[in-house]
Structure formats: structure tokens, C-alpha cells
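A short write-up of the structure that comes next.
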Amino acid sequence: MSGPGLKNATIAAGAVMVLSVVALAVDYAVMRGWTPASDAQIAALQEKVQRDAKLAPVLAAEQKRIAEFNRARRARVNWLSLVLVGAAAGFLGGAKRLLAGQARPPVRVPERGPSAVWPRAGRAVAAQAAAAAPEIDLTFVDGLIEKEGRGAEAAIPILQAIQAHYRYLPDEALRRVCHLTEISPAQIAGTSSFYSRFRRSPVGEHIVRVCHGTACHVAGARQITDELRRELAIAEGEDTDPSRTFTVEEVACLGCCSLAPVLMVDEHTAGKLTPATACDALAAVQPGERA
Amino acid sequence: MSRRRAVLALLAVCVLGCLAENAQGQALHYERPVERAPQEKDIGGGYVTPKVQKPLPRRAWLEILDVALLAAAMGVSVWIVVKRRSRRWLVALTVASVGYFGFYREGCVCPIGSIQNVTVALTDPNYHIPMVVTATFFLPLLVAVFYGRAFCGGVCALGSIQELVLLKPVQVPRRLDQALGLLKYVYLAAAIWYAVLPAAQRDFVICRFDPFVSLFRRSGFAHMLALGAGFLVLGMFVGRPYCRYLCPYGGLLSWFSRLAARGVSITPNKELDCGLCAEACPYGAIEEMRAVRRKCLYCARCYAACPREGPLVKAFVPLGEVR
């Protein structure tokens, strides 16, 4: 049963419950008024019987009548109370179902695709997918190489400049560097993977640095990171959400242990976080603000 | 660990004391002298006084069955909470307990009232309690030492009926909750005080003011019926008011359950820190995402509310995929 049927049944059970309570209460009130009177009647009769033995059958009949009445009342109360218990069970069962149907929050399913929490970012992903991989403008690389020179010693300054420009090291740009200079692909691969500052995958619009220093670790930085990754639907082994809005990094120390656990979204710092407030901190920078 | 051993030793001593009392009680011959009523010779006419009639005690095997059922129900309660982790099963157990221990056995023998009987038996050499009462009193305490308040959940008839009427729980402010929670220790002290008084002034207050027993029996003093109904109506919105704020046995159990190593646990290793369980707990027994043994009443609502438990898990991404 569900919907209006359940509601009507619940209301009916509630009505039966109230009615039987009222009936029991009325019965009780009437009995309270009645019992002393009958007690007095019996006492009076008993006194008369002591004086006149012929009245004994009257007393016996009266006593029997009262006993019968009490037995009937006991049975009535028993039935009413059983009805009350049944109705109460029905009412509570129905009411619980109705309330549960009302209050049940939608089940939060972490989505694998565009983040449900950042719908704008989700749209951005769709647009990106439609336009395929955007072409990277490599004229910057050409100009850079003219300035830095073509020797192997220029590798690190070139990589730094490329990262500063594109915010990561695009494969096309690195191929261009190999093509135009004496730097070998092996050297580029080695250098770019050795220094953790260099990254080979695109970075999100905003970088979230979650402090994992001692104080933050103790205060639950792991839970903060987990919650962010879950909320942004960042896949295992990656650090950026599918819409490329946020990149979540674990860093050593942000230097404000008194605010632990703490994170930085770009230049905004948020401290004393809990898993529940971690995602609110991301709202400091609107998703897609720079797009 | 040694603390638990000390508590177990204390329990054992009390049980042995009660059993010795019981054995002594069996040896006593009991006969109520009929002196005040008219005697045979005064009545005359060949009148023979009928033999003194005593109500027959409940059959021994039925009493043993009761204790066995109590133990079994607690075992099932622990199994459901620790292994099965299911609210649904626990509700079934709760309904069964209200039916059997409540409406069929009419709320008697219950460990709550037996506090006073045990106290009297341990202090008054002329008072003896049967083995059933001893077992009823000590079994839930023994279980509490290992698994917490398993008795409170789906076994205690008084608790179960309140559990079933809970409709829309409101969270009691923590301070108020703590303050009201002290009442049960006051009640416990008063109950013990009334039990150790000399026989003439002794008063079994716990049973006399048991708010639900007259409901189970569907008869009793009007004020007690009203009190019971009042507790049930209050219990629709405040989770189990009698258990949390008044039940003296609940006070004992919460002491013993501090030693418990197992019980309701919030999904270790796979929790989301979402706090849904704490929100779902009508008894304020989840603090900092962990079930507090001395407050947890074994209702398993936290399991029902948890996205990582039971059937809801199927709606979620498989566990391996979300870190």
C-alpha cells in the first residue's frame, strides 16, 4: 500500500485509536462514579439482612448482578484495549512509512562523469568534449627558444617557462622543443619527471592545496582530501576533476598549523575544516570564473 | 583488561551470593498460620477447614524457558548488530520482545525491577529470590561487559515498546540530555535505599512505578496507565525517555558497558564522515562519528541511515572505486 491509500488507512487507524482511548476513559469515569454507589447499596442490604434473614436472596441476587457486571466490564475493557493496541500498531506503522517517505533525502551517488556539485564545470566538460582537444598555440615555444638558446643547458629554464605559460607541460610543446633544440626527448622526460614542480597533465582552473603537515595530518587532512576527491569525482590515480575546474594537491605544510586542517584554493586560505565544510571552502573561487 | 576481570569477579561473587541465598530459601518450610479466622471447633457442625490454597508457581521448565529466551534474545540482538548490521532484523526482534516479554509475560520478571529483589536478597537473610530472578538480573549485565547494552535494544520489553512508538525524533540538546541522564542514578540510589530498609518499610518502587507494566497487563491504576500513555506519547518525539532518563537498570548497564569491546560500530575503514548516522541516532549516542557504548541502545538506526550499509550500498559506486 502506498500514497493516499496508506494515508487514509493511517488516519483511520489513528481515529480508531483515539476512539478506543476515549471509550476507555469514559468507561473509567462512569465506573468511578458508579462503584461507590453499588458498594453503599450492598452495605445497606447486608445490614438489612442481619436484621431480617428473609432478604438474603435479594442480597445474593444483587451481589451476583454486580459480579456479572464487573466481569462484563472486564471483558469489555480487555477487548477495547486489544483494539487500541492493534490500532496504535497500525497508526504508528503507517505514520512511520509516511514520514520516512517524506524525509528520505535523495541518495547521493558520487558520479563518475561531470561533477554534480559543480554543474557549470559539468557543462564546460561537455563543450570541451564536443570541440575535441583544443589546438595549442606553439608560437610561444618558438619565441622562447630564440631567447633561451638551443643548448642542452637551457632545458630547465625552457621547461619552467613553458610550465609558467601553459600551467603544465603539453606534449606538443615538448615535442616542438625537441625538434628545435639539441635537447633530447630522454633528457626532457627525465627532467620533467624528476622535479615534482613539473607536471605533464593539464591542471584545473584552480589549484586546491590540502595541507598534509603533521598538525593537519593529525587533525584529519586525509578525510578532507578524501571528501574533496569524492565530491569532485576525481578518479583514482588522478588529481583533477573531469571538468578540469579543480586540481587537488597534497602539500607538506602551508605554515598555519593553528588553523589545522587547512587548505588553500589558489590564494584563498580556509582553516579549521571538517569534511562537511571542506567543499564550502571551494566556493571561495567560483567554478569557471576565469573561463 | 584487568578492570574487566575485576568487574566479572564482582558479578560472579554476587551471583554466587544469590544462588546460596536461593539454596537456603529452598530449604525453608513455609506455612501461613490461620489463626484469626474462625476455627473448626468454634464453627462446629463437622466443619472442616479447607487446606490453605497457594497459587501454583509457574512451571519450572517454563521459567527456565524464559531465562533461555532472554539469553537467546540477547544473543540474537548482538548477532544482528555486530554481524548482520541490519535495522530491519532488529525491528523484528523488538516486536517479538514486546509480544513475548511484554504482552504475554506481562512485563515480569524484568531485570529492572529485580535490582531491588537482588539487593534485598543480598542484605536481608530472611529474603530469598529464585534462580530465575538471579539469572534475569545478571545475564544482561554480563552481556553488557562484552557487547554493551544489547539488552536495551530489542530485548527489554519496556525499551522495545518505546522503540516502536518513536515516530519523529527530536535531538535533545546535549547539556539537557546529560543533566536528565543523571536522574536515573538518583532513581537507582532511591531504589536501593528503599530495598535495604527493614522489611516493614521496604518498598519495591521500581515495580510500583513501572510505567508500562499496566499497559502490558491492560489493567492497573488509572494514574499508572496515564503515566505509561504519557511516556509513550512523549516517546513518539523524544527517543525512549524512560530508558535514557529514568531507568535505573539502564544506569547499571551504562556503567558495565563502558568495558565492552564490541557493539554498534560505525563502519570502520569505509566511513564517509557524512554524519548521517549521528543525525539518525535519536539517543545522541554517536559522538564524533563513533557510537558511545554507554549511551548506545542497540537500535541499529545508524545502520539504516548509512549509505555504506545494507541494501543502499547497491545504489552506490562499488567500494573500490571511491577512495
Side-chain angles (χ1 to χ4, degrees), chain A residues 10 14 17 21 24-25 27-29 31-32 73-75 77-85 88-89 91-100 102-112 220 222-231 233-238 248 273-278, chain B residues 87 91 94-95 98-99 102-103 161-169 212 214-223 225-226 228-229 232-233 235-237 269-276 278-280 288-289 301 304-308 310-323:
Chain A
T10 307
M17 193 174 84
V21 167
L24 282 169
D27 194 68
Y28 172 75
M31 284 310 114
R32 269 202 77 105
R73 173 173 183 255
R74 178 68 219 160
V77 167
N78 211 7
W79 271 110
L80 270 174
S81 55
L82 280 180
V83 169
L84 172 60
V85 169
F91 172 73
L92 286 168
K96 268 182 204 185
R97 273 187 152 195
L98 287 174
L99 284 176
Q102 251 176 33
R104 184 170 297 148
V107 176
R108 296 193 315 167
V109 180
E111 287 179 34
R112 308 293 291 138
R222 170 56 42 208
Q223 278 86 333
I224 304 293
T225 305
D226 285 351
E227 178 64 22
L228 288 176
R229 294 182 64 96
R230 198 155 41 225
E231 201 64 35
I234 298 176
E236 189 98 15
E238 287 183 19
V248 177
L273 298 167
T274 66
T277 59
Chain B
R87 162 97 180 132
V91 170
T94 308
V95 171
V98 170
F103 285 103
I161 194 168
Q162 293 175 79
E163 180 67 52
L164 290 180
V165 299
L166 184 53
L167 205 57
K168 203 172 172 57
F212 303 111
S214 41
L215 292 178
F216 290 138
R217 295 176 184 172
R218 284 170 284 118
S219 82
F221 292 114
H223 62 275
L225 278 166
L232 289 187
V233 171
M236 285 161 76
F237 307 103
N269 304 332
K270 49 174 184 169
E271 61 194 329
L272 300 170
D273 293 304
C274 60
L276 286 175
E279 240 167 68
E288 299 182 344
M289 302 294 160
R301 276 194 177 75
C306 183
R308 284 288 176 104
L312 269 179
V313 170
K314 291 193 194 101
F316 266 68
V317 179
L319 295 182
E321 287 195 272
V322 179
R323 254 191 38 195

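Please read these numbers as outputs of a predicted model, since none were measured by experiment. Basis for what follows: all heavy atoms, side chains included, without hydrogens, waters or symmetry-related copies. Residue numbers start from 1 in every chain, and the chains themselves are labelled A, B, ... in the order their sequence lines are given, proteins ahead of strands.
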Fill in: Residues in salt bridge (Lys or Arg N to Asp or Glu O under 4.0 Å) contact with B:Arg87, at least two apart in sequence or another chain
B:Glu163

Worksheet, complete the sentence: Answer key: most heavy-atom pairs under 4.5 Å with chain B among A:Leu84, A:Thr274, A:Asn78 is A:Asn78

Worksheet item: Quick one: what part of A:Val85 sits under 4.5 Å from any heavy atom of chain B, side chain, backbone, both or neither?
Response: side chain

Worksheet item: Of all of B:Val95, B:Leu215, B:Leu166, which one pairs up most often with chain A through heavy atoms under 4.5 Å apart?
Response: B:Leu166

Discussion item. Looking at A:Asp226 and A:Arg222, is any side-chain nitrogen of the basic one under 4.0 Å from a carboxylate oxygen of the acidic one?
Written reply: yes

Discussion item. Determine whether a donor-acceptor pair (N or O, by modelled atom type, separation under 3.5 Å) exists between the side chain of A:Lys96 and the backbone of B:Leu164.
Written reply: yes

Response to the item:
Sequence neighbours excluded, the answer for salt bridge (Lys or Arg N to Asp or Glu O under 4.0 Å) partners of A:Arg73 is A:Asp27

